[in-house]
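Throughout, residue positions are numbered sequentially from 1 according to the sequence presented. This one's a predicted model, so the numbers in the text were calculated from it and none came from an experiment.
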Amino acid sequence: MAGVLIGLALLAFWLFSLFDVITTPEEEVRHSPKAVWLIIVAAVPLVGGAFWMMRGRPRTVVTAGPPPAESRPAPKGPDDDPDFLQELDRRLRGESEA
């Protein structure tokens, strides 16, 4: 039973690697042309997939730092909107618009 699960996990890894190579845009592939990576991953499933993950797959770009201060996130609901809450408080107190 364990052998079947290991085999299925290796098959899933190989298929994921193969699909990832196929769907990655040519200009984002690192170190070798996309066709070479496709042949490597298809011919040597486990080792080729591991090499693809380490050396050929595009790196994700992570931007550091907080979002710009001038952009205020949109409220998710009326109770998250300070303008709405102020208007509601004004109405409940019976104040007229100035």
Item checked: Qualifying residue for side-chain contact (heavy atoms from CB on, under 4.5 Å) with Trp52, from Val47, Ile40, Val29 -> Val29

Transitively linked via ILVMFWY side-chain contacts under 4.5 Å: [X] with [Y]?
X     : Y     : answer
Phe13 : Leu5  : no
Val44 : Val21 : yes
Met53 : Leu11 : yes
Val36 : Leu46 : yes
Val4  : Ile6  : no

Note to self: Restricting to non-hydrogen atoms, name the atom on Ser17 and the atom on Gly49 that form the minimum distance, rounded to 0.1 Å.
What the structure shows: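 Scanning both residues completely, I find the closest heavy atoms to be OG-CA, 3.6 Å.
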
Notebook entry, point to check: Looking only at heavy atoms, which two atoms of Asp20 and Thr24 are closest? And how far apart?
Noted result: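 Looking at all heavy atoms of both residues, the shortest contact is O-OG1, 2.5 Å.
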
Note to self: Could you walk me through whether Phe19 and Val41 satisfy the side chain to side chain contact (heavy atoms under 4.5 Å, CB included) test, starting with their C-alpha distance in whole Å, then the side-chain angles of each, then the deciding distance to 0.1 Å, before giving a yes or no?
What the structure shows: CA-CA 10 Å; Phe19 182 74; Val41 171; over 6 Å; no

Checklist line | Interatomic distance, Leu85 atom CG to Arg90 atom CZ [nearest 0.5 angstrom] | finding: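 If we round to the nearest 0.5 Å, Leu85:CG and Arg90:CZ are 13.5 Å apart.
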
Check: If only atom types and distance count, is the side chain of Lys34 paired as donor or acceptor with the main-chain N or O of Ile22 below 3.5 Å?
Finding: yes

Notebook entry, point to check: Would you say Trp37's side chain and Arg30's backbone share a donor-acceptor pair under 3.5 angstrom?
Noted result: yes

